[in-house]
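The block underneath contains the structure these notes are about, expressed in structure tokens.
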Amino acid sequence: MEPTLKNKILEYRKLTKLKSTYVDTLPSLISHRTGRLHASFNQTIAATGRLSSSDPNLQNIPIRTEIGRKIRRAFIPSNKQDWIISADYSQIELRVMAHLSGDKGLREAFERGEDIHASTAAAIFDIPLAEVGDDHRRKAKEVNFGIIYGISQYGLASRLGISADEAQEIIQNYFIRFPKVNDYMIHTIAFVQKHKYVTTIRNRRRYIPEIDSKNANIRQNAERMAINTTIQGSAADLIKLAMINIQKKFDREDLQTKMILQVHDELIFEVQANELERVRRLVKKEMEGAIKLNVPIKVDIGVGKNWLEAH
DNA sequence: AATTTCACG
DNA sequence: ACGTACGTGAAATTA
């Protein structure tokens, strides 16, 4: 098919975004002193307790398109004998939801090591796991995002391009199959209505006064913020503890490895060849064991000569 | 200075 | 009557 004008405009914007934000800008920000990029990692900006990165933002380096991946490939170690290690938590926010809610079905899916979007599809569409197709899985993935974000029938409907009634039915099916997730959401909303704040797994608080708004939109938005904050904020607690413990070990064991980036559920390291295997094991252990949950935590580790390859 | 758009988790 | 998913930051555009 001939691309439409609209598609051409979107394509143009995609390319100029990558050029202006990354290709034209990042090289000029390389320090004359160190020959490297240095960002700020802000600890008191994100309301959920996540870090944020600025000047430049190194938490939004492209990866989703082929041309974007060429930019990520440019991130390499200072010394070309060295390696990049990337360690990322697998489905951490859904695991946190499984932990906080205690839902049996969700916990068992993780204990069996299942593809969580596929097993969600099997549950909500009431079909055997073996019969889950790409379209079922894609829809279930959107539902799982919705769970983390504090789902609404309208949000899910617009994502899936279906009616609000159809979305409502999918959500109802989800809650029938994962009832304690429903209980958890109801409990969290009751808590925020009473206290005007919610807490994370390590007791960080976010105050949400909008829960008392007489505007229904603002109020429902506050409910979603409350649910999402317990999940996103608890995952932030987990990776921050892991970062502290990992650096302590590096110091104690006199390792030269440098922790260079954090991207919410991922840590990036610059590692000498002779430390590679040791660091791999150490990082995996500290990340998976930072906080004991009642579901397994899985960390995937990759090694490469640049950030893209390390995935 | 505020808004829009789009990059990431 | 409204217009929807959570959390960010940077560049371009609008006003």
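In the text below, chain A, chain B and the rest are named by the order of the sequence lines, each starting its count at 1. This structure is a prediction, so every number in the text was calculated from the model and none was measured.
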Among C:dT4, B:dT5, C:dG7, which is the nearest nucleotide to the side chain of A:K17? B:dT5
note: A:L58, atom CG; B:dG9, atom C1'; distance rounded to Å ~ 14 Å
Scan A:I171, A:N144, A:I170 and name whichever one has a side-chain contact (heavy atoms from CB on, under 4.5 Å) with A:I151. A:I171
Can you tell me which nucleotide in B:dA7, C:dG9, C:dG7 comes closest to the side chain of A:N228? C:dG7
Side chains of A:N7 and A:T4, donor plus acceptor under 3.5 Å: yes
Integer-rounded Å distance: C:dA5 P and A:E93 CD: 17 Å
May I ask you to verify if any side-chain N or O of A:S152 is less than 4.0 angstrom from the OP1 or OP2 atom of C:dT4? no
Look at all strands and tell whether A:I61 reaches a base, only sugar-phosphate, or nothing, counting heavy atoms closer than 4.0 Å. sugar-phosphate
Assess whether side-chain hydrogen bond (donor to acceptor under 3.5 Å, both in side chains) is satisfied between A:S53 and A:N42, documenting all intermediate values. CA-CA 6 Å; A:S53 167; A:N42 313 300; over 6 Å; no
Can you check whether A:I124's main-chain N or O pairs, donor with acceptor, with A:N173's side chain at less than 3.5 Å? yes
Whole angstrom value for the distance that separates C1' of C:dG7 from CD1 of A:I92: 16 Å
Taking any heavy-atom pair under 4.0 Å as a contact, classify A:A236: base, sugar-phosphate, or nothing. nothing
Quick one: A:L160 CG to C:dT4 P, roughly how many Å, whole number? 16 Å
Checking all strands, does A:S53 fall into the base, sugar-phosphate, or nothing category for heavy-atom contacts under 4.0 angstrom? sugar-phosphate
Between C:dA5, C:dG9, B:dC8, which nucleotide gets closest to the side-chain atoms of A:F145? C:dA5
Atom pair distance, as rounded to whole Å: CD in A:E266 and P in C:dT8: 20 Å
Gap between atoms CE and C1', on A:M225 and C:dC6 respectively (whole Å): 9 Å
A:S213 (side chain) donor-acceptor with A:N215 (main chain) under 3.5 angstrom: yes
Tell me which nucleotide among C:dG9, C:dA11, B:dG9 gets nearest to the side chain of A:S20. C:dA11
Check A:L18, A:T25, A:D24 against A:Y22 for a side-chain contact (heavy atoms from CB on, under 4.5 Å) and give me the one that passes. A:L18
C:dT13 pairs with which nucleotide, Watson-Crick or G-U wobble, both distances below 3.5 Å? B:dA2
The Watson-Crick or G-U wobble partner of C:dC2, with both key distances under 3.5 Å, is none
side-chain hydrogen bond (donor to acceptor under 3.5 Å, both in side chains), that's the test. Do A:T229 and A:R206 meet it? Break it down for me. CA-CA 8 Å; A:T229 296; A:R206 178 181 184 179; 2.9 Å; yes
Looking across every strand, which nucleic acid part, if any, lies under 4.0 Å from A:L51 by heavy atom: base, sugar-phosphate, or nothing? nothing
A:T21 or A:T229, whichever maps to the more 5' nucleotide of DNA chain C: A:T229
On the nucleotide C:dT4, are OP1 or OP2 found under 4.0 Å from the side-chain N or O atoms that A:R159 carries? no
Presence of A:R50 side-chain N/O under 4.0 Å of B:dG9 phosphate oxygens OP1/OP2: no
So what does A:S158 touch, heavy atoms closer than 4.0 Å: a base, only the sugar-phosphate, or nothing? nothing
For B:dC6 and C:dA5, measure between their P atoms and round to the nearest Å. 15 Å
Take atom NZ of A:K70 and atom C1' of B:dA7, then tell me their distance rounded to the nearest Å. 18 Å
Touch class at under 4.0 angstrom, heavy-atom based, for A:G146 against every strand present: base
Considering only C:dG7, B:dC8, C:dG9, which nucleotide approaches the side chain of A:P62 most closely? B:dC8
Out of B:dC6, C:dG9, C:dC6, which nucleotide sits closest to the side chain of A:N60? C:dG9
If only side-chain N and O atoms of A:R64 are considered, is one of them under 4.0 Å from the OP1 or OP2 phosphate oxygen of B:dC6? no
Expressed as a whole number of Å, how far does the P atom of B:dA7 sit from that of C:dC2? 31 Å
Just to be sure I understand the rule, does A:T25 reach a base, reach only the sugar-phosphate, or reach nothing, if contact means heavy atoms closer than 4.0 Å? sugar-phosphate
Return the nearest nucleotide to the side chain of A:N221; candidates are B:dT5, C:dC6, C:dA10. C:dC6
With a 4.0 Å limit, can you tell me whether A:R224 has a side-chain N or O closer than that to the phosphate oxygens OP1/OP2 of C:dC6? yes
Measure the distance from CD on A:E11 to C1' on B:dT5 and round it to the nearest whole Å. 16 Å
Of the nucleotides C:dG9, C:dA5, C:dG7, which has the atom closest to the A:I45 side chain? C:dG9
Tell me whether the rings of A:F125 and A:H136 are parallel (<30°), tilted (30 to 60°) or perpendicular (>60°). tilted
Please work out if A:I148 contacts a base, only the sugar-phosphate, or nothing of the nucleic acid, heavy-atom cut-off 4.0 Å. nothing
Would you mind classifying the nucleic acid contact of A:I227 as base, sugar-phosphate or nothing, using non-hydrogen atoms under 4.0 angstrom? nothing
When all nucleic acid strands are considered with a 4.0 Å heavy-atom cut-off, which category describes A:E142: base, sugar-phosphate, or nothing? base
Establish, with yes or no, whether the OP1 or OP2 oxygen of C:dT8 is under 4.0 angstrom from a side-chain nitrogen or oxygen of A:N42. no
